[in-house]
Chemist: 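Please see the structure below; I have some questions.
A note on names: the letters A, B, ... follow the listed sequences, proteins ahead of strands, and every chain is numbered from 1. Just the heavy atoms: all of them, side chains too, but no hydrogens, waters or symmetry mates, feed the values below. These numbers were taken from a predicted model, which means no experiment stands behind them.
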2 protein chains.
Amino acid sequence: MTAIPARAWQVVLDAVERDLLDGRLSPGDHLPPERTLAADLGVGRSSVREALRVLEVLGLIRTAVGSGPSAGAIIVARPGGGMSALMRLQVAAQGFAVADVVKTRLVLEGSIVAELASGTGVIDLTASEQILTAMESQPLTEAEFLALDTQFHLSLAQASGNQVITATMAGLRSAIEGYARAGAAHLASWPATSARLMLEHRGILTAILAGQADAARLAVHAHISGYYAETHLASASTTTASPTTR
Amino acid sequence: MTAIPARAWQVVLDAVERDLLDGRLSPGDHLPPERTLAADLGVGRSSVREALRVLEVLGLIRTAVGSGPSAGAIIVARPGGGMSALMRLQVAAQGFAVADVVKTRLVLEGSIVAELASGTGVIDLTASEQILTAMESQPLTEAEFLALDTQFHLSLAQASGNQVITATMAGLRSAIEGYARAGAAHLASWPATSARLMLEHRGILTAILAGQADAARLAVHAHISGYYAETHLASASTTTASPTTR
DNA sequence: TGTAACCTGTGGTCAGACCACACAAGAAAG
DNA sequence: CTTTCTTGTGTGGTCTGACCACAGGTTACA
């Protein structure tokens, strides 16, 4: 069929993918041991390991040494880690511009809060509430604050129930985490900025609970682009087609 | 520092990432040969290869055998392939629900066409035009049609200039490509559906060129969710909180 | 001068070995 | 009989060494 002989590790990757699609493998299942997999597919164990490493980084499997039910390679399908690694490295390698990452956050988070605000069903925002309360209850260092900030934004995505958007947002966030942290040092007054950010968080949550979709979207928009404008890191302006990409 | 000794392949991954962040590596540069990398980092060559395999799948490097300037591992930073692999496998492993993928497409593509429509600068849509013309010029098989359909949607993302959204869309699209193809077989009349899809494409493009952001967003929304509703694959309803996720 | 043969460095792959680890089954002690 | 310890076994993690295919450059030859 194909004149090009597939590379050995690709054979393994394809076999696993086919097993997943055909239902022979499901989340929670164990992959065969590496040595068995190698023998079954007619490739070397190192090739199997290369494929498993890819699956691990992509968040499809988790590996553990030892023996027993918890050992071996297990299908987990946690997209967050893989998305983070991918976006972090692409930003590092200049495949992704930071400005584009911020703009994508605006799009995704804006539609998330708008959907949450206009959602008909019961929506659980207690997790977001708790994170906000934790942020406000005591003074935090910049790193602690940013960690909770990440959790807050992520909790909104999780409340929407969309796993794709949640994972993508987690990836985007982690990709520019270093920039956000570095930018905090450029601020004129960290206490002033953090106080403002907390107020904006409250405003976002209030708009969602009040069912004001447009207000929530605008609040998120101002929140995100405001911080990045203040830290001089990305010109995430509101609607203008930014020239930074080109 | 860390009581947990990092795994060997992660040492390599971290080293490459640090080199990227510090500017010691840039797109177009060669990575050191595997054997050199192994010796420099004090790990075995197989561990280096596992890391390089990850970087390759993630779209960060391209490898070639032989000698000369084109051989070896070269930084390329092409996010598309990695994003596609990640999303395809996550859908296969049920980490991503197809309904969520479709909903994310709605969000991203909706905001893309809205931004294109309201864009102040000159926007080049000739590529999208040409693809549409190619689709309309002759009868196509389902596979050919879907391939051009993918190209059309992707060309819009590329016109927006946002590399993150473009790559994400490419990944989402490829993740459900199999479902789209399988769904085409369930249609009552493929010629009728394809004709409708082409008309909708024209409508989207017209709305963009006319500067009607909301109309373009609605047209894209109807276009995408309509096809998936028709193929009974995903209940990508307009605004209702879908219960399919849980 | 042109061509052909050779050499070198690269990734691709495999085989084998050893280690650390976690669990299970059996043996030993109470 | 119960508890505790020892041993065995299977797993991933890693390294080493070897060989191959390939692409380019280099050299020798016509």
Chemist: What is the distance, to the nearest angstrom, from the CG atom on A:Asp40 to the P atom on C:dC14?
Modeler: 14 Å
Chemist: From NE2 of A:His30 over to C1' of D:dG12, roughly how many Å is that when rounded to an integer?
Modeler: 12 Å
Chemist: Over how many whole Å does the gap from A:Gln10 atom CD to C:dG11 atom P extend?
Modeler: 19 Å
Chemist: Among the candidates C:dA24, D:dG12, C:dG12, find the nucleotide nearest to the side-chain atoms of A:Pro69.
Modeler: C:dA24
Chemist: Return the value, rounded to whole Å, for the distance between atom CZ of B:Arg62 and atom P of C:dG12.
Modeler: 11 Å
Chemist: Whole Å only: how far is the CZ atom of A:Arg7 from the C1' atom of C:dC14?
Modeler: 16 Å
Chemist: Using the side-chain heavy atoms of A:Ser47, tell me which of these nucleotides is nearest: C:dT10, C:dT13, D:dG24.
Modeler: C:dT13
Chemist: Let's see if you can work this out: which of D:dG13, D:dG24, D:dC15 has an atom nearest to the side-chain heavy atoms of B:Ala8?
Modeler: D:dC15
Chemist: On DNA chain C, check which nucleotide each of B:Thr63 and A:Gly68 is closest to and give me the residue with the more 5' one.
Modeler: B:Thr63
Chemist: Looking across every strand, which nucleic acid part, if any, lies under 4.0 Å from B:Gly44 by heavy atom: base, sugar-phosphate, or nothing?
Modeler: sugar-phosphate
Chemist: Which part of the nucleic acid, if any, lies within contact of A:Ala64, taking any heavy atom under 4.0 Å across all strands shown: a base, the sugar-phosphate backbone alone, or nothing?
Modeler: sugar-phosphate
Chemist: Taking the basic N atoms (NZ, or NE/NH1/NH2) and the acidic carboxylate oxygens, is any pair closer than 4.0 Å for B:Arg88 and A:Glu17?
Modeler: yes
Chemist: Check whether any side-chain N or O of B:Ser111 sits under 3.5 Å from a backbone N or O of A:Val107 as a donor-acceptor pair, and report yes or no.
Modeler: no
Chemist: Ignoring hydrogens and angles, answer whether the base of C:dG11 and the side-chain atoms of B:Arg53 contain a donor-acceptor pair closer than 3.5 Å.
Modeler: no
Chemist: Starting at atom CD of A:Glu34, determine the distance to atom P of D:dG13, rounded to an integer number of angstrom.
Modeler: 6 Å
Chemist: Using only side-chain N and O atoms of A:Ser70, determine if any of them is under 4.0 Å from OP1 or OP2 of C:dC23.
Modeler: yes
Chemist: Rounded to whole Å, how long is the line connecting atom CZ of B:Arg49 with atom C1' of D:dC19?
Modeler: 14 Å
Chemist: Please compare B:Val65 and B:Trp9 by the position of their nearest nucleotide in DNA chain D and report the one closer to 5'.
Modeler: B:Trp9
Chemist: Using whole Å, what does the distance between atom P of nucleotide C:dA17 and atom CZ of A:Arg45 come to?
Modeler: 13 Å
Chemist: Using 0.5 Å steps for rounding, measure from the CG atom of A:Asn162 to the CD1 atom of A:Ile112.
Modeler: 7.5 Å
Chemist: I want to check one thing: is the phosphate of D:dT11, taken as OP1 and OP2, less than 4.0 Å away from some side-chain N or O of A:Arg35?
Modeler: no
Chemist: Is it true that B:Glu50 and A:Arg49 have a side-chain N and a carboxylate O under 4.0 angstrom from each other?
Modeler: yes
Chemist: Indicate, with a heavy-atom threshold strictly under 4.0 Å, whether A:Ala71 touches base, sugar-phosphate, or nothing.
Modeler: nothing
Chemist: Exactly one of B:Val43, B:Val54, B:Leu55, B:Leu31 should register a side-chain contact (heavy atoms from CB on, under 4.5 Å) with B:Val12. Which one does?
Modeler: B:Val43
Chemist: Closest-nucleotide mapping onto DNA chain C: is B:Ser46 or B:Pro32 further toward the 5' terminus? I mean the 5' end.
Modeler: B:Pro32
